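Report on the following structure.
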Amino acid sequence: MKEKREQETKRLPGVVTGITPREETFTGNKISHFILDAIRQDLGPGGPMEGRKVHTRFPPEPNGFLHIGHAKAIVIDFGTAEILGGLCNLRMDDTNPVKEDEAYVRAIKEDIHWLGYDWEDRFYHASDFFEEMYFFAEELIEKELAFVCEQTPEEVRESRGTLTKPGTESPWRYRPKEESLDIFRRMRAGEFPDGRYTLRARIDMASGNINLRDPVIYRIQHESHHQTGDDWCIYPMYDFAHPIEDAMEGVTHSLCSLEFEDHRPLFDWMVANLSLPTKPKQYEFARLDINYTVMSKRKLRALVEEGLVDGWDDPRLPTLSALRRRGYTPRAIRDFCERNGVSKVPSMVDIKFLEHCLREDLNLRAPRAMAVLDPVKLTITNYPEDQTETFTVDNLPGQPEAGRHTLSFSRHLLIERDDFMEDPPGRYYRLFPGNQVRLRAAYIIRCTGCVKDEEGRVIEVLAEYDPETRGGTAREGEKIRGTLHWLDQATAVQAEVRLYNNLFTVEAPDDDERDYHELLNPDSRITLENAWVEPWLQEDRSHLGYQFMRLGYFIHDHKDTTPDRLVFNRSVKLRDSYRPE
RNA sequence: UGGGAUGUAGCCAAGCGGUAAGGCACGGGACUUUGACUCCCGCAUUCGCAGGUUCAAAUCCUGCCAUCCCAGCCA
């Protein structure tokens, strides 16, 4: 499994090398957007970073699992480096020890590698630079651009003002720098309890931008950090730390989502006032949102913790580990992100587009197989009881080089229950008394009737085969509209199949005023215990999954499949234009 | 008169003064040993609204409207 995943990763074009610029997506779409344009200017002739190579970073906080929204950021961060021939770092933004955990670090790395991106030796933690940050904090104090404040959290909140009213200055705002320096050093030495002091930047309490009203840049937290242990009891805040991290890593462009637009003036303030080795620039883009699901970490966590789904990798979730388990390919996800484009318009993308990207990928590559999800017996009444024959079919029709497998055929078969109707509506060209259909790759048969139980439920469909149509070839001049998938009852293998639908019944559960419990789709997962598949799927493990013909794309559930129990997840349905009259 | 941003089709999205790309979705047709795939065709007389500038405006100007983000010692 792991090897196959690595193989796939290696096959993916566009693993970041930092050498060859790439101007198109690997599916041939042109990549161009406002951030790329801006970076080209910054780096180009006359630009502020003329001559430099682009250097980005993906900076998750290790406090949860990555989801498809992060995939967009990853594609932008790593993709920008790829497109422009630069580098992209992976950085754990771990400036708040109370929220973070090493376990998330591993999961995040796995997900990014799975997507096919590589940070090579450039894996960092914000905490790698705590010493430098401390140095720069003292620099601000020396420049009288920061001061140690004694306001309580409540006092800070009250004096900050409101959206429409300016704040009032802290009584400690003009504390002599010597005094601030002394207290700050003692803060670091651990002399004070949590909350006793903070270090604040001295900017502008009357600014319309609340982020500039003397933001706290260091707080005391006697908390063990997953990287630095007990080395520190003061920790820097995001707005102070981020530009320093970027500069220390050599990042030229700090790409982030729209909600940080308000923070850019603060980012720029830090860049202007600290003696950083380089001067990174920040640009913002709109997050990716998808309908019929939730993307907020809080909601995802609630679903998991309340047991409404079976863990972070429940295939109904939009997390990358869930999508992986569901059968989504890295290629499909990347393609989806790239084709959605990059803009500043807050958008909600249709889940159908994601599904389309998956189908487009799998259609080309996933082996075909037959499976019967809701079986009913089909008896070929003119086929000898003791006879069996085999047919050989391509794994990918028309591409014998992709491998072949055999099907066995006998008198007793299994077909899909909804492929027979005793009294069908118009334009139904499957089995009904008197009608002819093709059993794919086998024979053309004519339905002669059915057998029902006492309740009137069909328990067996009867048909006669035409021996002259071996292989499914119609007689000269005859046209057979319907082709069905089928299984030989004698060799078919039983499996559990899980069908997935949207987790929520409304497009935007995040915006809905109702409690999200009411919005959950009761049919988000349908488990079929009595499904049957071709026997070779017992041993075969395609990392792409399979197309179960006429049904959709399915993949072994890598967690629940055991040597004696097959479990399949439906990744996505096939398109279906059948409309009963 | 708090600050910042955004409005192009049902959903994304190009467009950057010369007369509305593309994709998804949807509808119709052809083909078909998957009602799949593929291939055709259709799908904004109009770019949030109203004025103005111009021979010419989605693009420039003015005003208005709508939506989103910001008041953590979170990121």
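Convention: sequence-line order gives letters A, B, ...; per-chain numbering from 1. Values in this document were obtained by computation on a predicted structure and should not be read as measured data.
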Can you check the [X] [atom1] to [N] [atom2] distance for me, whole Å?
| X | N | atom1 | atom2 | answer |
| --- | --- | --- | --- | --- |
| A/Asp335 | B/G23 | CG | C1' | 10 Å |
| A/Asp511 | B/C69 | CG | C1' | 14 Å |
| A/Asn211 | B/A5 | CG | P | 13 Å |
| A/Met549 | B/U34 | CE | C1' | 4 Å |
| A/Phe353 | B/A25 | CZ | P | 9 Å |
| A/Arg481 | B/U34 | CZ | P | 11 Å |
| A/Ile210 | B/A71 | CD1 | C1' | 4 Å |
| A/Arg213 | B/G4 | CZ | C1' | 13 Å |

Side-chain donor-acceptor contact under 3.5 Å, [X] with [Y]:
| X | Y | value |
| --- | --- | --- |
| A/Asp194 | A/Gln221 | no |
| A/His263 | A/Asp239 | yes |
| A/Asp77 | A/Thr56 | no |

Given [N], is OP1 or OP2 found less than 4.0 Å from the side-chain N or O atoms of [X]?
| X | N | result |
| --- | --- | --- |
| A/Arg339 | B/C12 | no |
| A/Arg575 | B/C37 | yes |
| A/Thr95 | B/A75 | yes |
| A/Arg264 | B/G3 | no |
| A/Ser577 | B/A36 | yes |
| A/Arg160 | B/C73 | yes |
| A/His485 | B/U34 | no |
| A/Arg219 | B/C74 | yes |

(request) State, to 0.1 Å, how close A/Leu414 and A/Val372 come at their nearest heavy-atom pair, and which atoms those are. (result) O-CG2, 3.7 Å

Quick one: label [X] by what it contacts on the DNA or RNA (base, sugar-phosphate, nothing), any heavy atom closer than 4.0 Å.
| X | answer |
| --- | --- |
| A/Thr152 | base |
| A/Met237 | sugar-phosphate |
| A/Tyr218 | nothing |
| A/Arg440 | base |
| A/Thr483 | sugar-phosphate |
| A/Gln547 | base |
| A/Thr162 | base |
| A/Phe260 | base |
| A/His263 | base |
| A/Val342 | sugar-phosphate |
| A/Glu245 | nothing |
| A/Phe548 | nothing |
| A/Arg157 | sugar-phosphate |
| A/Lys99 | base |

Please report the distance separating the [atom1] of [N] from the corresponding atom of [M], rounded so that it comes out in whole Å.
| N | M | atom1 | result |
| --- | --- | --- | --- |
| B/G22 | B/G15 | C1' | 12 Å |
| B/C16 | B/U59 | P | 12 Å |
| B/C47 | B/U19 | C1' | 13 Å |
| B/U62 | B/G4 | P | 15 Å |
| B/G63 | B/G2 | P | 16 Å |
| B/A25 | B/A36 | P | 13 Å |
| B/A57 | B/C64 | P | 24 Å |
| B/G72 | B/A58 | C1' | 41 Å |

(message) Ring centres under 6.0 Å, that's the criterion: do A/Tyr235 and A/Tyr218 meet it?
(response) no

(request) Measure centre to centre between the rings of A/Phe554 and A/Tyr546, then say whether the value is under 6.0 Å. (result) no

Is [X] side chain donor-acceptor paired with the [N] base, going by distance under 3.5 Å alone?
| X | N | result |
| --- | --- | --- |
| A/His33 | B/A14 | no |
| A/Asp262 | B/G3 | yes |
| A/Arg430 | B/G35 | yes |

(request) Kindly confirm or rule out a cation-pi arrangement of A/Arg359 over A/Tyr553, judged by NZ or CZ under 6.0 Å from the six-membered ring centre and within 45° of its axis? (result) no

(message) Distance to the ring centre below 6.0 angstrom and angle to the axis at most 45 degrees; does that hold for A/Lys109 and A/Phe123?
(response) yes

(message) Surrounding CZ of A/Arg427 (heavy atoms of other residues, nucleotides or ligands, distance under 6.0 Å), is the total greater than 12?
(response) no

(message) Side chain of A/Leu163 only, heavy atoms from C-beta on: which candidate in B/A71, B/G7, B/A36 is closest?
(response) B/A71

(request) Compare the minimum distances between each of B/U34, B/G27, B/A75 and the side chain of A/Arg368, then state the nucleotide with the smallest one. (result) B/U34

(request) Syn or anti for B/G72, please, going by whether the chi angle lies within 90° of 0. (result) syn

